[in-house]
Amino acid sequence: MQTKEPLAIVWLKRDLRLQDNEAIFNALNTGKKVLLLYVFEEFLIKDPHYDIRHWNFIKESIIDLNKELIQYNSKILAVNSEVAATINQLMQHYHIQDLFSHQETGLLCTYHRDQKITRYCHNNLINWTENIWNGVLRGVQNRRGWVGQWTAYMESPLIDFNPKNQLLTIKEIEHLETLFTVTDLSTPIITPIQKGGVTEALKYQNTFFKERYINYTKGISKPELAQESCSRLSPYLAWGNLSTRQVWHAAKNIRPLSKNKKDLDAFTSRLKWQAHFIQKFEMEHTMEDSSINKGYHMLKKSISVKYQKAWQTGQTGVPMIDACMRCLNETGYLNFRMRAMIVSFFTHLLWQPWQDCAVYLSKMFIDFEPGIHFAQVQMQAGETGINTLRIYNPVKNGYEFDTNANFIRKWVPELAHLQTKHIHEPYAMTPLEQNLFNIKLGVDYPEPIIDLKENRKRASKILWEMKNDPLVMQENDRILAKHTLNKSTLNIAG
DNA sequence: CGCAATTTCAG
DNA sequence: TGAAATTGC
């Protein structure tokens, strides 16, 4: 019987790139043949946090990687299966002792999956090496020295992709494909959602650092301008088409000659905040479905299917909210401030549990990043205890950040023909004005489903009172001790 | 990266 | 008197 050839497997999860990929680097370092593997896992595809838009993004990323891999006569093995079963199949043809992937700070379901893989690897004498993901540290108890370590990681050199002749050839992989249900990688050609893939990611990165970043701080809060002046790199960072380190280096490289250092620094400071939040999630994974501050577990809100549906579909009768929701549903993107506003509307003004909006938004955000998502939703919901309560006024935000109502005009076309002030507050129109301007509220566009003023008062009263609750206050101390960055190292603008 | 009511202050 | 700063929710 002939001996099987050794094979090192790179399990690509949310690190869908070849450059600066430590897992690939480590696999190549074994000197063995290397297989790049992506497993479309049924449990994850069915998970309520994910949407077809995410799976399309991943497929686009893989197709793009395959184009890059042609020059090495290789491709990615992409299968519909589960990880242990896949490795079992591969062991029929290869001697497998090495598995490489990044350390995933993910959902509870992927955490449990990884625990199973740990046992599987142990039982099958496989070494599973997980590399650090974008500077997020596993197993730390507090944040002493964290910023320094993170910065050092970002400033360390990028890892080159240099596979020589180690990657399995296309022919070898096509042979393996007969063992599996190979994933159909075809995706819709035209969608308003950002396309996945390193090639796309680099286009966004290049245009951002070439000129778009100049308006970064000016546009960041405005829903229309932000689409252009923000980097739009978030989906590529979330799915690992780019590493944070690559983006950090790109920013650093243009900084000396940049005339807009403030805008550039505002951007890189957000790269740091991104890591900060993911680190928090890594250290407090129960945040996915319960408030980090246990004092808020007693807060019970009654669920209104009607309110939630209206919010999801952009039919609340509050134009700025409806514009945001419809834009998000269609494009998968919304700027940060508007995300905060729709969460505040859902949790404060509709008085619905943050968990419900977290699930819906994770599906809609093409850049859904578990580590950021749950902490942000909880913070905006005002259930951390340590942050000031921020209840957004969607009308005020409309006047302030969509002054000419062009964003609303685009996404709520039934209002587009009205004067700007009527677009912001259609419910303030008299019956006479409605007649005159040819619109009937409740027919052409809904009346507001809630009383903005009254509901704001209710949320404010209850949540401010809860800040004095002994358990909330006790939890504040615990959270601050565990998650706050050391003051001397907080200079995040750096 | 809140909001709105209240107080202060310049002219 | 209205803008700017302060404060309490």
Side-chain angles (χ1 to χ4, degrees), chain A residues 215-227 229-231 234 262-263 265-278 280 292-293 295-296 299 318 320-321 324 328 333-351 354 357-358 361 365 367 369 371-403 407 424-425 428 448 450-469 472-473 476 479 483-485 490-494:
Chain A
N215 287 322
Y216 186 71
T217 48
K218 187 182 154 213
I220 194 163
S221 288
K222 297 174 181 150
E224 240 198 342
L225 196 52
Q227 290 173 7
S229 63
C230 282
S231 73
S234 55
K262 263 197 184 142
D263 290 284
D265 292 347
F267 172 76
T268 46
S269 124
R270 276 169 179 80
L271 289 178
K272 204 174 289 188
W273 279 114
Q274 180 221 33
H276 163 74
F277 277 104
I278 298 170
K280 191 182 218 171
I292 184 170
N293 188 313
Y296 288 93
L299 177 61
V318 182
M320 197 60 183
I321 297 292
C324 285
L328 175 61
Y333 176 79
L334 210 51
N335 65 315
F336 182 82
R337 191 187 176 90
M338 295 303 119
R339 293 184 192 204
M341 186 185 72
I342 59 172
V343 171
S344 171
F345 189 84
F346 186 92
T347 57
H348 299 140
L349 303 186
L350 299 181
W351 201 241
W354 64 260
C357 91
L361 293 179
F365 292 162
D367 56 13
E369 164 55 64
I372 297 173
H373 189 68
F374 300 100
Q376 281 294 338
V377 171
Q378 287 189 36
M379 192 163 90
Q380 302 306 342
E383 294 196 25
T384 63
I386 56 167
N387 302 97
T388 9
L389 187 57
R390 292 185 179 121
I391 303 175
Y392 286 73
N393 178 337
V395 182
K396 179 179 178 283
N397 273 272
Y399 281 114
E400 215 163 319
F401 299 106
D402 185 29
T403 309
F407 181 72
H424 285 300
E425 296 174 275
I450 47 145
D451 185 317
L452 292 170
K453 230 178 177 170
E454 283 307 309
N455 286 20
R456 150 179 267 284
K457 267 193 215 161
R458 172 183 62 179
S460 177
K461 188 169 180 293
I462 296 173
L463 290 171
W464 277 106
E465 274 172 15
M466 284 190 80
K467 275 187 173 284
N468 299 320
D469 180 88
V472 168
M473 284 162 57
N476 282 351
I479 295 165
H483 297 290
T484 313
L485 303 174
L490 188 61
N491 183 14
I492 216 129

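Quick note on labels: first sequence line is chain A, next is B, and so on, each numbered from 1.
Atom CG of A/Leu389 is separated from atom C1' of B/dC1 by 13 Å (rounded to the nearest Å). Note: CE (A/Met466) to C1' (C/dG8) measures 19 Å, nearest angstrom. Look at CE on A/Met341: it is 13 Å from C1' on B/dC1, rounded to the nearest Å. As a whole-Å value, the separation of A/Trp464 CH2 from B/dG2 C1' is 10 Å. Atom-to-atom, CZ of A/Phe345 to P of B/dC1 comes out at 23 Å; the value is rounded to the nearest Å. Between the CG atom of A/Leu349 and the P atom of B/dG2 there is a distance of 15 Å, rounded to whole Å. In this structure, the CG atom of A/Asn335 is 13 Å from the P atom of B/dC1, given to the nearest Å. Between the CD1 atom of A/Ile391 and the P atom of C/dC9 there is a distance of 13 Å, rounded to whole Å.
Taking only side-chain atoms of A/Arg390, from C-beta outward, the nucleotide of B/dC1, B/dA4, C/dC9 with the closest atom is B/dC1. Taking every side-chain heavy atom of A/Arg456 into account, B/dC3 is the closest of B/dC1, B/dG2, B/dC3.
Considering CE of A/Met338 and OH of A/Tyr392, their distance stands at 8.5 Å, rounded to 0.5 Å.
Ring planes of A/Tyr399 and A/His424: tilted class, angle from 30 to 60°. Relative orientation of the A/His276 and A/Trp273 rings is perpendicular, given thresholds of 30° and 60° on the angle between their planes.
A donor-acceptor pair under 3.5 Å is formed between the side chain of A/Thr347 and the backbone N or O of A/Val343. A/Ser234 places no side-chain N or O within 3.5 Å of a backbone atom of A/Asp367 that could act as its donor or acceptor partner. A donor-acceptor distance shorter than 3.5 angstrom exists from the side chain of A/Asn335 to the backbone of A/Ile220, with no hydrogens or angles considered.
At least one side-chain nitrogen or oxygen of A/Asn397 sits closer than 4.0 Å to the OP1 or OP2 atom of B/dC3. Dashed line: the shortest gap from a side-chain N or O of A/Asn393 to OP1 or OP2 of B/dG2 is not under 4.0 Å. Contact annotation: A/Lys461 does not reach the phosphate of C/dC9 (side-chain N/O to OP1 or OP2, under 4.0 Å).
At the heavy-atom level, A/Lys457 lies nowhere under 4.0 Å from the strands shown.
Here A/Arg458 does not pair with A/Glu454 in a salt bridge; the nearest charged N to carboxylate O distance is not below 4.0 Å.
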Dump the pairs, protein N or O against N or O of nucleotides 5-7 of chain B, anything under 3.5 Å, distances to one decimal.
none

